[in-house]
Amino acid sequence: MAILLKRAGFADFTLFEKAGDLGGVWRENTYPGAACDVPSSLYSFSFAPNRTWPRRYSEQPDILGYLERTADKFGIRDHIRFNTEVVGAEFDAESRRWRIETAQGEIFEADVLVPAVGQLSRPAVPDLPGADTFTGEIFHSAEWNHDVDLTGKRVAVIGTGASAIQFVPRIQPEAGRLTVFQRSAPYVIPKPDRAYLPLHHRLFRSLPMTQRAGRFATWSTGELLTMALTSAKPLGKLLELLFRFHLRRQVPDAALRARLRPDYPIGCKRLLFSNDWFPALAQTNVDVVTDRITGITPTGVRTDTAEYPADVIIYGTGFKATEFLAPMSVRGLGGRKLAEAWEGGAHAYLGISVPDFPNMFILYGPNTNLGGNSIVYMMEHQARYVLQILHRIARGGLSCVDVRPEAAGRFDTEVQRRLADSVWSGCSSWYREENGRISTNWPGLVWEYHRRTAKVDFSAYREVPAGEHAVKAG
């Protein structure tokens with residue numbers, strides 16, 4: 001968003017960053033093996049290709065380095081206030097401006113507010129009885145404690161999601177005993193990864209179209225994967241056959257294979273990619289436990305049937321994906337709380353605009369997450385959509401816009417109807433609210449989202465007069 005603003009000639013904008021440096025999830029997640037499961041040619045900005053990716057699926061240090069270089073290239077650091085956490089934002093109806101409050105008690109005013117905090121930024125730590133009594137080391141994978149030496153230790157890993165399948169194979173050779181607690185088995189298929197050779201880098205630099213062709217091929221594959229999870233059920237069956245082949249080839253023990261076989265439709269939870277997850281679990285120093293965890297003792301993890309001793313406990317339990325914009329307090333017209341507007345589940349027109357919250361545009365908002373493609377692609381189109389509105393405001397055609405409730409309502413009804421028929425409605429996952437509403441995922445292809453955000457339909461918005469109070473403060 002910042003880069004597009006600067007390229008379009010906007011200079012008066014500020015990014016508030018609670019940490020001391022940029023990078024977001026790629027700054028915070030430094031666990032062993034941290035990487036992206038989208039090929040780097042597509043998990044990057046279309047306007048800033050990287051000709052020197054070391055691998056097809058790059059790891060955390062390389063992705064962070066790319067983000068840092070890109071920010072420097074476009075001169076974005078000068079616009080960032082680091083170590084500045086936003087705790088609240090309130091729309092002032094008289095001035096039609098946003099008042100933004102930081103943790104330091106500072107107040108800033110802005111014509112436009114763009115929350116861009118993502119869906120995977122706040123670790124989800126399970127509330128297990130006795131966790132505070134554990135005498136060993138305990139931490140979440142997103143807050144990895146690199147001071148803890150795992151060599152020869154008894155390590156308990158709670159969770160088998162996207163982070164766990166990356167770090168477990170890296171720590172397995174170090175651990176004396178590794179106990180993996182699995183609530184539900186993930187579908188894991190082969191990861192077509194490879195290291196790039198100097199020849200690739202020379203080719204990308206001399207013939208950029210070769211990298212663009214790879215990006216398009218990856219994008220197209222992602223669309224096919226999305227179809228397999230949403231509309232083309234036979235493709236989903238092919239993926240399931242690939243999973244079964246992968247599991248049988250890598251896990252010779254039939255009893256272990258049975259524990260690693262999911263009991264829900266493929267794609268209902270996040271589909272994972274790994275070549276070393278199953279081999280790591282098949283090692284002699286690893287136990288896979290499927291019993292329900294009942295609590296943590298001073299010396300280990302207790303289940304329904306036994307207690308497993310541990311020196312270190314690592315949570316691989318993911319993030320609070322459905323708690324959009326939390327823990328910030330956001331108030332719109334008439335002091336309406338965003339938390340109240342989203343009671344029962346977050347929703348936004350095109351994942352961007354919320355009724356009664358004028359001139360607020362969300363990036364990576366509700367129902368814009370993906371099951372089979374690159375979120376960077378989605379966010380670029382969201383930023384371009386917002387930029388169209390800002391151009392209209394800058395030209396004086398509008399000054400303060402609010403999405404019409406009826407437009408937002410029609411969009412949400414459509415999205416939820418389509419999601420109800422998708423594979424994601426068939427099980428409990430981080431895609432869903434406690435009430436079953438799917439508030440994270442987009443129901444279609446990214447090409448459809450591209451098309452629907454390519455040109456702003458200004459009839460879906462209205463101008464907010466100065467002093468208007470749409471609702472009573474709650």
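Numbering of residues begins at 1 and proceeds along the displayed sequence.
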Residues forming a ring-ring contact (aromatic ring centres under 6.0 Å, His included) with Trp53, sequence neighbours excluded
Tyr66

Parallel, tilted or perpendicular: rings of Phe181 and Tyr308 (30°, 60°)
perpendicular

Working to the nearest 0.5 Å, report the span between CD of Glu68 and CG of Asp21.
5.5 Å

Would Arg170 and Tyr31 satisfy side chain to side chain contact (heavy atoms under 4.5 Å, CB included), going step by step from the backbone distance to the final call?
CA-CA 9 Å; Arg170 296 293 180 95; Tyr31 57 80; over 6 Å; no

Step through the shown structure and confirm whether more than 12 heavy atoms of other residues, nucleotides or ligands are within 6.0 Å of NZ on Lys191.
yes

Qualifying residues under ring-ring contact (aromatic ring centres under 6.0 Å, His included), relative to Phe45, sequence neighbours excluded:
Phe47

Look up atom CZ in Arg69 and atom NZ in Lys73, then write down how far apart they are to the nearest 0.5 Å.
10.5 Å

Students often mix this up, so state it plainly: with edges at 30° and 60°, are the rings of Tyr315 and His140 parallel, tilted or perpendicular?
tilted

Who passes salt bridge (Lys or Arg N to Asp or Glu O under 4.0 Å) against Arg27, sequence neighbours left out?
Glu17

Does the pair Arg270 and Ser429 meet the rule for a side chain to side chain contact (heavy atoms under 4.5 Å, CB included), with working shown?
CA-CA 8 Å; Arg270 185 175 176 179; Ser429 72; over 6 Å; no

Ser141: which residues meet the side-chain hydrogen bond (donor to acceptor under 3.5 Å, both in side chains) condition with it, sequence neighbours left out?
none

With Arg177, which residues qualify under side-chain hydrogen bond (donor to acceptor under 3.5 Å, both in side chains), at least two apart?
Asp287

In plain terms, say whether Asp311 and Arg154 are close enough for a salt bridge, that is, a side-chain N and a carboxylate O under 4.0 Å apart.
yes

Please state whether the rings of Trp144 and His146 are parallel, tilted or perpendicular, taking 30° and 60° as the class boundaries.
tilted

If the condition is side-chain hydrogen bond (donor to acceptor under 3.5 Å, both in side chains), which residues does Gln283 pass it with, not counting sequence neighbours?
none

Identify, with sequence neighbours excluded, every residue that meets ring-ring contact (aromatic ring centres under 6.0 Å, His included) alongside Phe82.
none

Check residues 241-248 and write down every donor-acceptor pair under 3.5 Å in which the side-chain atom is one partner and the other belongs to a residue at least two apart or another chain.
residue, atom, partner, partner atom, Å
Arg244, NH2, Glu240, OE2, 3.3
His246, NE2, Gln250, OE1, 3.4
His246, NE2, Ser274, O, 2.9

By side-chain hydrogen bond (donor to acceptor under 3.5 Å, both in side chains) - contacts of Ser40 (at least two apart):
Ser58

Straight-line distance of Asp37 CG to Gln166 CD, nearest 0.5 Å
7.0 Å

Are the charged groups of Glu414 and Arg418 less than 4.0 angstrom apart, N to O?
yes

Does Tyr264 have Lys269 sitting over its ring (NZ/CZ under 6.0 Å from centre, angle to axis within 45°)?
yes

Write out all pairs satisfying disulfide (SG to SG under 2.5 Å) with one or both partners inside residues 232-278, taking only residues at least two apart or from two chains.
Cys268-Cys427

Could you list the residues that satisfy ring-ring contact (aromatic ring centres under 6.0 Å, His included) with Tyr385, not counting sequence neighbours?
none

Ser46: which of Arg215, Arg212, Glu380 passes side-chain hydrogen bond (donor to acceptor under 3.5 Å, both in side chains)
Glu380

What pairs with Ala282 under side chain to side chain contact (heavy atoms under 4.5 Å, CB included), at least two apart in sequence or on another chain?
Leu256

To the nearest 0.5 Å, atom CG of Leu225 lies from atom CD1 of Ile189 at 6.5 Å

